[in-house]
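This report refers to the structure that appears directly beneath it.
Treat the numbers as computed from the prediction; the structure is a model and nothing was measured. Position 1 is the first residue of the sequence; numbering continues from there. Any value given below was found using the heavy atoms of this structure, including those in side chains, with hydrogens, waters and symmetry copies removed.
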Amino acid sequence: MTPLKTAICAATVSLLAACATTPMQEGDPRYIAQPLTDEIYTADPSARVWNDGRIYIYASHDEEVPEELYNSADAFDMRDYQVLSMERPGGPVTVHPPALDVEQVPWAKRQMWAPDAAYRNGTYFLYFPAKDANDIFRIGAATSKSPTGPFTPQAEPIEGSYSIDPGILRDNDGEHYMYLGGIWGGQLQRWPNGSYDASVTEDDPTPPGEPAITPVVARMAPDMLEFAEPLRPVQILDEHGDPLLAGDLDRRFFEGAWVFRRGDTYYLTYSTGETHYLVYATGDSPYGPFTYRGRILEPVEGWTTHHSITEIDGQWWLFYHDTQRSGLTHLRNVKMTPLTFRADGTIETINPMTDLD
């Protein structure tokens with residue numbers, strides 16, 4: 001989930017990155033993929049395949065807001081989480097009852113942004129960001145015996161957590177790692193030394209020639225409800241082995257870190273924010289460093305871009321969102337499309353639009 005600012009929207013010249021566009025009809029051939037459901041608006045899809053073989057998509061639930069909130073971060077005032085599921089790609093999609101509502105979370109006040117989920121020892125875990133009573137983003141955890149919930153939240157956020165966009169990697173040895181962070185409205189720039197600094201602006205204050213802010217990671221404790229260690233930065237390097245710079249808007253991290261393992265290679269994937277790309281970097285450790293490799297997805301329709309990548313029966317899939325149904329950046333719909341790896345492990349770039357006029 002990306003914070004949106006009127007000044008950025010006004011400066012955006014690409015139609016695909018526009019803050020509002022003409023609504024499109026379902027089945028529009030100009031898109032390579034169609035919305036998975038038209039029952040509700042959903043975004044930030046975290047797709048998981050559990051032991052039953054069914055595909056579960058944990059998503060933010062977009063809702064309409066007063067028009068005066070359009071083009072602001074407050075337009076993303078999601079109040080609950082929805083789970084979509086299907087037996088197979090292309091199959092019928094079930095929209096399950098809300099999995100967790102902000103009113104059920106004792107410490108949370110508003111803005112339930114992008115979630116993720118995990119499974120361990122018979123329990124399903126839902127991880128989510130929300131603003132507390134002081135409007136500071138924290139990461140919460142909730143549990144259920146069902147993959148679709150309802151989920152019961154912990155009374156307090158995860159100790160030491162902050163910012164947004166939790167993403168879970170289950171490594172081959174059974175260890176789990178949480179990646180998190182997002183700049184601007186995601187507040188990551190306000191945690192330079194592990195403590196919150198309210199004096200830092202919402203804009204990233206890092207000089208363009210300095211190393212960019214990166215996501216952070218921590219290994220999870222065995223109970224999956226706490227960190228087993230302090231959060232640490234995830235270094236992202238360029239082709240020369242130097243950190244990506246804050247002014248490198250086409251490649252630097254903005255939000256939405258999603259890490260997966262393919263063979264012996266770890267893929268760190270993320271959004272570049274105002275340049276609207278999904279990109280990736282690779283490394284040989286869950287902690288990094290990761291070396292930038294290229295783009296996964298060209299800009300979608302709408303300002304935000306957020307995703308997950310999951311292997312299903314030997315085929316990798318990209319789950320993402322755009323604004324095909326509404327034409328409004330804060331009312332999104334989730335989609336999925338095949339992801340192709342070349343023989344050398346690099347990823348073929350996807351254009352979300354077809355060649356049709």
Side-chain angles (χ1 to χ4, degrees), residues 1 35-63 76-88 91-132 137-158 161 164-170 176 178-180 220-226 256 258 306-308 310 312 319 321 332-336:
M1 226 298 306
L36 294 182
T37 181
D38 61 3
E39 293 184 32
I40 57 174
Y41 289 108
T42 50
D44 311 320
S46 290
R48 298 293 181 182
V49 179
W50 308 125
N51 293 337
D52 63 0
R54 193 171 178 87
I55 305 163
Y56 296 91
I57 302 167
Y58 299 84
S60 305
H61 179 198
D62 287 346
E63 296 190 68
F76 302 105
D77 192 27
M78 297 90 91
R79 310 293 297 176
D80 60 24
Y81 292 109
Q82 297 281 166
V83 182
L84 313 180
S85 72
M86 64 185 84
E87 290 186 359
R88 56 178 176 78
V93 175
T94 299
V95 179
H96 297 272
L100 180 67
D101 190 284
V102 68
E103 294 185 358
Q104 300 172 268
V105 183
W107 60 268
K109 183 174 73 173
R110 66 189 184 106
Q111 292 189 306
M112 305 278 271
W113 286 8
D116 195 14
Y119 172 80
R120 191 171 193 175
N121 297 332
T123 299
Y124 297 91
F125 298 86
L126 181 68
Y127 300 102
F128 59 93
K131 284 184 175 176
D132 64 15
F137 269 116
R138 304 285 185 176
I139 306 299
T143 61
S144 177
K145 292 300 181 181
S146 166
T148 60
F151 286 85
T152 301
Q154 299 295 294
E156 300 290 340
I158 296 174
S161 69
I164 61 171
D165 294 351
I168 297 291
L169 165 70
R170 183 189 186 278
H176 291 74
M178 180 183 288
Y179 301 81
L180 58 86
M220 301 299 293
D223 67 3
M224 299 289 285
L225 298 174
E226 300 291 343
W258 179 274
H306 194 106
H307 72 297
S308 61
T310 302
I312 304 171
F319 293 77
H321 67 234
R332 297 158 293 181
N333 45 253
V334 298
K335 298 182 171 185
M336 62 186 294

Subject >> Any donor-acceptor pair under 3.5 Å from S46 side chain to P115 backbone >> reply: yes

Subject >> salt bridge (charged side-chain N to carboxylate O under 4.0 Å, His left out) involving D101 - partner list, sequence neighbours excluded >> reply: none

Original post:
Any side-chain donor-acceptor pair under 3.5 Å between H96 and S85?
Top reply: yes

Original post:
Any side-chain heavy atom of I57 within less than 4.5 Å of one from V83?
Top reply: no

Subject >> Side chains of M178 and I158 in contact at under 4.5 Å (non-hydrogen atoms) >> reply: yes

Subject >> Whether Y81 side chain and W113 backbone form a donor-acceptor pair below 3.5 Å >> reply: yes

**OP:** Just do the salt bridge (Lys or Arg N to Asp or Glu O under 4.0 Å) check on D116 and R48 with the steps written out, would you?
**Re:** CA-CA 9 Å; D116 195 14; R48 298 293 181 182; 2.7 Å; yes

Original post:
Between I139 and P157, is any pair of side-chain heavy atoms under 4.5 Å apart?
Top reply: no

**OP:** Starting at CZ of R79, measure out to OG of S60 and round the result to the nearest 0.5 Å.
**Re:** 13.5 Å

Show me the donor-acceptor pairs, under 3.5 Å and distance only, between side chains in residues 147-156 and residues at least two apart or in other chains.
from: T148; atom 1: OG1; to: S146; atom 2: OG; distance (Å): 3.1

Subject >> Test item: H61 and P98 side chains (from C-beta on) under 4.5 Å apart, heavy atoms >> reply: no

Original post:
Looking at A118 and M224, what are the two nearest heavy atoms and their distance?
Top reply: CB-CE, 3.8 Å

**OP:** Sort out for me which residue in M86, E39, R54 forms a side-chain contact (heavy atoms from CB on, under 4.5 Å) with T94.
**Re:** R54

**OP:** Would you indicate whether Q104, at its atom CD, is surrounded by more than 12 heavy atoms from other residues, nucleotides or ligands within a distance under 6.0 Å?
**Re:** yes

Subject >> Straight-line distance of F319 CZ to L84 CG, nearest 0.5 Å >> reply: 10.0 Å

Original post:
Considering only heavy atoms from C-beta outward, does the side chain of H306 approach that of D165 to under 4.5 Å?
Top reply: yes

**OP:** Take the angle between the ring planes of Y124 and Y119 and call it parallel below 30°, perpendicular above 60°, tilted in between.
**Re:** tilted

Original post:
In Å, rounded to the nearest 0.5 Å, how long is the span from NE2 of H321 to CG of L36?
Top reply: 13.0 Å

Original post:
Crowded around N121 CG? As in, over 12 foreign heavy atoms under 6.0 Å?
Top reply: no

